[in-house]
Amino acid sequence: MKRIVILISGRGSNMQAVLDAKLDATVAAVISNNPAAGGLELARSRGVETVVVNHREYPDRASFDLVLGDRIASYQPDLIVLAGFMRILTQAFIERFNDRIMNIHPSLLPAFPGMDTHRRALEKGVRLHGCTVHFVTPFLDSGPIIIQAAVSVLPGDDEPRLAARVLEQEHKAYPLAIRWFLNGRLAIENGRVRVSGDCRYPGAFIAPEPA
Ligand code: GAR
């Protein structure tokens, strides 16, 4: 059985979607940099081991990443799933787990890397917004893309409404990308992901929608 470690910083709804997806893998641990992350209690209630590595207890990124990496490595994961993990990881950390770290980002990358993606999408007036699951490289929010799901930006949208609609897609897209990984269907070739077999994604749609 393949092994997954999930990293969270907050409420953990993507983590929950992964746990609910009944993947053919063991979630060996949920690790948070934030002792107050709501997702920790949720993970415990599902019988998943939880660990806190509080970044505030370390003088710099390098020392935090070293300890975090050692804790992760102790679970011997095949895949590390960043699920709302709000820390920038060092190159050394990323290279240690090369091609085994996945992230979900709440925009259609390469648009809107970084923070406040929904606010920025609304400010720009984009008609399509969404989420991206990608492998993690040392360059922020720019690793090889595995799956994207798009939603329409509607005239009455504010940040919470748009975020909720994107989040609904995140909860479908992330488990699917992880399932493809676990089934050995993802290959990285020249910085792009090739998905073997059927990769239709029934949850995605293209906007603007017909009137
Ligand atoms: C999600 O929307 C995720 O895409 C985003 O944080 C949220 C976490 O929610 N991640 C990032 O912005 C990473 N740069 P969750 O804790 O309920 O999964």
Side-chain angles (χ1 to χ4, degrees), residues 4-21 23 27 29-46 48 50-55 61 64-65 68 79-91 93-94 97 101-124 126 128-151 153 157-178 201 203-204:
I4 299 175
V5 167
I6 305 177
L7 268 52
I8 63 169
S9 297
R11 70 189 158 186
S13 73
N14 276 288
M15 173 205 76
Q16 184 175 5
V18 174
L19 294 176
D20 286 347
L23 299 167
V27 177
V30 168
I31 303 181
S32 180
N33 64 303
N34 171 16
L40 287 170
E41 188 49 44
L42 189 70
R44 275 185 223 117
S45 75
R46 302 291 184 89
V48 178
T50 60
V51 176
V52 173
V53 183
N54 187 345
H55 66 277
R61 282 190 200 282
F64 168 70
D65 277 11
L68 178 68
L79 180 66
I80 299 161
V81 170
L82 308 185
F85 185 67
M86 307 307 266
R87 299 291 304 166
I88 292 175
L89 294 162
T90 54
Q91 183 163 351
F93 178 96
I94 292 164
F97 301 103
I101 312 172
M102 246 185 224
N103 183 43
I104 188 154
H105 183 77
S107 77
L108 293 173
L109 290 171
F112 311 121
M115 305 291 284
D116 299 322
T117 56
H118 308 306
R119 180 178 56 72
R120 288 156 61 210
L122 287 167
E123 278 170 8
K124 282 287 176 198
V126 296
L128 271 180
H129 188 44
C131 64
T132 303
V133 182
H134 63 95
F135 284 111
V136 172
T137 64
F139 306 100
L140 184 68
D141 297 331
S142 63
I145 290 170
I146 301 163
I147 193 167
Q148 293 186 302
V151 302
V153 180
D157 271 348
D158 56 13
E159 223 177 310
R161 283 180 56 174
L162 183 57
R165 206 162 338 102
V166 172
L167 195 64
E168 205 177 304
Q169 294 302 320
E170 294 187 38
H171 296 163
K172 294 177 186 167
Y174 215 179
L176 188 56
I178 295 168
Y201 174 48

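All heavy atoms count here, side chains included; hydrogens, waters and symmetry mates do not. Counting starts at 1 for both ligands and their atoms, in listed order. Each residue takes its place number in the sequence, starting with 1.
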Quickly, which of N33, N34, D65 forms a side chain to side chain donor-acceptor pair (under 3.5 Å) with H55? Name it, please.
N33

[atom]: which protein heavy atom is closest, and how many Å away?
atom	result
atom 11 (C) of ligand 1	P106 CD, 3.6 Å
atom 16 (O) of ligand 1	G12 N, 2.9 Å
atom 8 (C) of ligand 1	G84 CA, 3.6 Å

By number and element, which atoms of ligand 1 are closer than 4.0 Å to a non-hydrogen atom of [X]?
X	result
E170	1 (C), 2 (O), 3 (C), 4 (O)
N14	1 (C), 15 (P), 17 (O), 18 (O)
S13	15 (P), 16 (O), 17 (O), 18 (O)

Are the charged groups of R46 and D20 less than 4.0 angstrom apart, N to O?
yes

Charged N-O contact under 4.0 Å between E168 and R165:
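So E168 does not pair with R165 through a salt bridge.
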
Main chain of V30, side chain of T50: is a donor-acceptor contact present, judged purely on distance under 3.5 Å?
no

Counting N and O atoms only, with roles assigned by atom type, does the side chain of R120 sit under 3.5 Å from a partner on the main chain of M115, one being a donor and the other an acceptor?
yes

Do the two ring centres, one from H129 and one from H118, sit under 6.0 Å apart?
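For H129 and H118, the ring centres are under 6.0 Å apart.
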
Ligand 1 versus M115, non-hydrogen atoms closer than 4.0 Å: side chain, backbone, both, neither?
neither

Min heavy-atom dist I104 to ligand 1 below 4.0 Å
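Contact present.
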
Contact check, G39 vs ligand 1, heavy-atom distance below 4.0 Å:
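In this structure, G39 fails to qualify as a contact of ligand 1 - no heavy atom is under 4.0 Å.
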
Tell me yes or no: between the side chains of T90 and R61, is some donor less than 3.5 Å from an acceptor?
no

Just going by heavy-atom distances, which of R11, H118, H105 is nearest to atom 14 (N) of ligand 1?
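Closest candidate by heavy-atom distance is H105.
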
